[in-house]
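Data block below; observations after.
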Amino acid sequence: MGPAVSPLPVAGPAAVPASGDRRRHPAPAHLRFFHGPMDCGKSTLALQVDHNQSRQGRHGLLVTQGDRSAAPQITSRVGLCRAAIEIDGGTDLRLLVRERWAAGDRVDYVIVDEAQFLTDRQVDQLAELVDESHVDVYAFGLTTDFRTHLFPGTRRLLEVADDVQRVQVEVLCWCGLPGLLNARVVDGVMVRAGETVVVADTAPAQLPGEEPGSSPAVRYQVLCRRHHVRGQLGPTAAGPGQLALP
């Protein structure tokens, strides 16, 4: 027998795919955007998506900014909450994910609540995570601000998201029609000018018999288009379609 022949060395991989990368899998990642008015249940849906994903053994990263709780978490008005990373306009969302990978953690999906506050650049960063790193992104945000204009983050998500869905939980105006628009109410009066971002929660209108000032100084109320245009936050004393006596 001749001398043993040593096997040829096998070249190692030039780069190890980051944790959570799905380039070896046929299913592509997606950027999905869910939007609607206040009280439509978007944060509840965000937490439900996280629950469903994690039950399948997937690992997620939750981020938010300006949550109603003023804490780094995603909260829902039905009582659900989950810790999240608080971001601002200068946060690079790609670096958040890469830092997790560098620490040896998997990131299979990212959930972004209050996505209306994202900058155009941050939305493009999310799209890059989807396209280049195959990380699923689920973004949840308001459609319009109190002036009925699209938020910057919402506009960019509508432009580039793979899938856009209006949250189907119906929100009602005080008149019973579907509520579509968010009104900002300051000391009981609807306002149409001011800073685009003023964080406050929704709250019921001041009830008869309440002391003035007992309701929040700033709150939001969802109205139908007709009553948003009129600035009418509730029924008049005479009732709709009736004349009020002096």
Side-chain angles (χ1 to χ4, degrees), residues 31-50 63-70 73-82 84 111-119 123 137-161 163-206 215-235 240:
L31 171 55
R32 293 185 166 94
F33 178 44
F34 301 85
H35 67 98
M38 298 187 77
D39 286 337
C40 71
K42 62 181 180 57
S43 296
T44 303
L45 181 58
L47 296 174
Q48 182 66 56
V49 169
D50 176 56
V63 301
T64 188
Q65 57 181 317
D67 186 81
R68 66 180 66 86
S69 65
Q73 59 184 1
I74 297 175
T75 61
S76 168
R77 292 183 181 87
V78 300
L80 304 175
C81 69
R82 184 79 188 277
I111 287 181
V112 185
D113 197 24
E114 308 298 348
Q116 71 273 6
F117 297 143
L118 294 174
T119 65
V123 174
V137 174
Y138 302 90
F140 303 81
L142 298 175
T143 310
T144 57
D145 63 18
F146 72 105
R147 300 167 301 177
T148 72
H149 298 161
L150 290 173
F151 281 96
T154 299
R155 180 184 298 108
R156 188 61 180 153
L157 282 162
L158 291 172
E159 291 168 346
V160 303
D163 181 26
V164 176
Q165 298 183 35
R166 190 173 186 90
V167 179
Q168 295 301 310
V169 176
E170 188 173 62
V171 184
L172 297 180
C173 176
W174 60 265
C175 67
L177 291 175
L180 303 174
L181 302 172
N182 306 306
R184 180 182 293 171
V185 182
V186 179
D187 290 331
V189 178
M190 179 176 164
V191 297
R192 302 183 187 273
E195 295 292 330
T196 301
V197 179
V198 174
V199 177
D201 203 354
T202 56
Q206 183 170 312
S215 59
V218 180
R219 63 179 176 87
Y220 290 93
Q221 183 174 338
V222 181
L223 299 173
C224 67
R225 184 174 55 250
R226 177 191 304 170
H227 289 123
H228 193 284
V229 170
R230 294 178 179 177
Q232 191 173 349
L233 302 176

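Everything quoted here is computed from the prediction, not taken from an experiment. Counting from 1, the numbers follow the sequence of the chain as shown.
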- Message: Before you tell me yes or no, could you show the steps for L177 and L172 under side-chain contact (heavy atoms from CB on, under 4.5 Å), namely the whole-Å CA-CA distance, both residues' side-chain angles and the distance that decides it to 0.1 Å?
- Response: CA-CA 6 Å; L177 291 175; L172 297 180; over 6 Å; no
- Query: Which residues pass the side chain to side chain donor-acceptor pair (under 3.5 Å) test with H35, sequence neighbours left out?
  - Reply: T143
- Message: Do L181 and T148 make a side-chain contact, defined as non-hydrogen atoms from C-beta onward lying under 4.5 Å apart?
- Response: yes
- If you take all heavy atoms of V191 and F146, which pair is closest and at what distance? O-CD1, 3.4 Å
- Inter-residue atom distance K42.NZ - F34.CZ, 0.5 Å rounding: 13.0 Å
- Any donor and acceptor pair, going by atom type alone, linking the side chain of N182 with main-chain N or O of M38 inside 3.5 Å? yes
- Item | Main-chain N/O of C224 paired to W174 side chain as donor or acceptor, under 3.5 Å | no
- Would you list the pairs meeting salt bridge (charged side-chain N to carboxylate O under 4.0 Å, His left out) in which at least one residue belongs to residues 142-156, sequence neighbours left out? D124-R156, D145-R147, R156-E159
- Message: Using modelled atom types and a 3.5 Å cut-off, is there a donor and acceptor pairing between side-chain atoms of Q221 and backbone atoms of L233?
- Response: yes
- Looking only at non-hydrogen atoms, find the nearest pair between R230 and R192 and report the distance. C-NH2, 3.9 Å
- Task: Go through the structure and list residues passing side-chain contact (heavy atoms from CB on, under 4.5 Å) with C81, not counting sequence neighbours.
- Result: Q73, T75
- Hey, could you give me the CG/CZ distance between D187 and R219, rounded to the nearest 0.5 Å? 10.5 Å
- Message: Looking at every non-hydrogen atom in both residues, tell me the closest pair between H227 and C173 and how far apart they are.
- Response: ND1-SG, 3.8 Å
- Can you tell if the side chain of V63 reaches within under 4.5 Å of the side chain of D113, non-hydrogen atoms only? no
- Between atom CD of E114 and atom CG of L142, what is the distance when rounded to the nearest 0.5 Å? 6.0 Å
- Task: Report yes if the side chains of V49 and I111 come closer than 4.5 Å at any heavy-atom pair, otherwise no.
- Result: yes
- Message: Checking T44 now: which residues fulfil side chain to side chain donor-acceptor pair (under 3.5 Å) with it, not counting sequence neighbours?
- Response: S76
- Task: Give me the ring orientation class for F117 and F151: parallel if the planes are under 30° apart, tilted from 30 to 60°, perpendicular past 60°.
- Result: perpendicular
- Item | Heavy-atom closest contact (T154 atom, L150 atom, distance) | CG2-CD2, 4.0 Å
- Item | A115 versus L157, closest heavy-atom pair with distance | CB-CD1, 3.8 Å
- Message: Testing the basics here: between I74 and A84, what is the closest heavy-atom pair and its distance to 0.1 Å?
- Response: CG1-CB, 4.0 Å
- Query: Taking the side chain as C-beta and beyond, is there a heavy-atom pair between V112 and T64 under 4.5 Å?
  - Reply: no
- Query: Do the non-hydrogen side-chain atoms of L158 and F33 ever get within less than 4.5 Å of each other?
  - Reply: yes
- Residues passing the ring-ring contact (aromatic ring centres under 6.0 Å, His included) test with Y138, sequence neighbours excluded, are none
- Task: Taking the side chain as every heavy atom from C-beta outward, state whether S43 and F140 have any atom pair closer than 4.5 Å.
- Result: no
- Item | Pairs flagged by salt bridge (charged side-chain N to carboxylate O under 4.0 Å, His left out) wherever residues 163-179 is involved - sequence neighbours left out | R32-D163
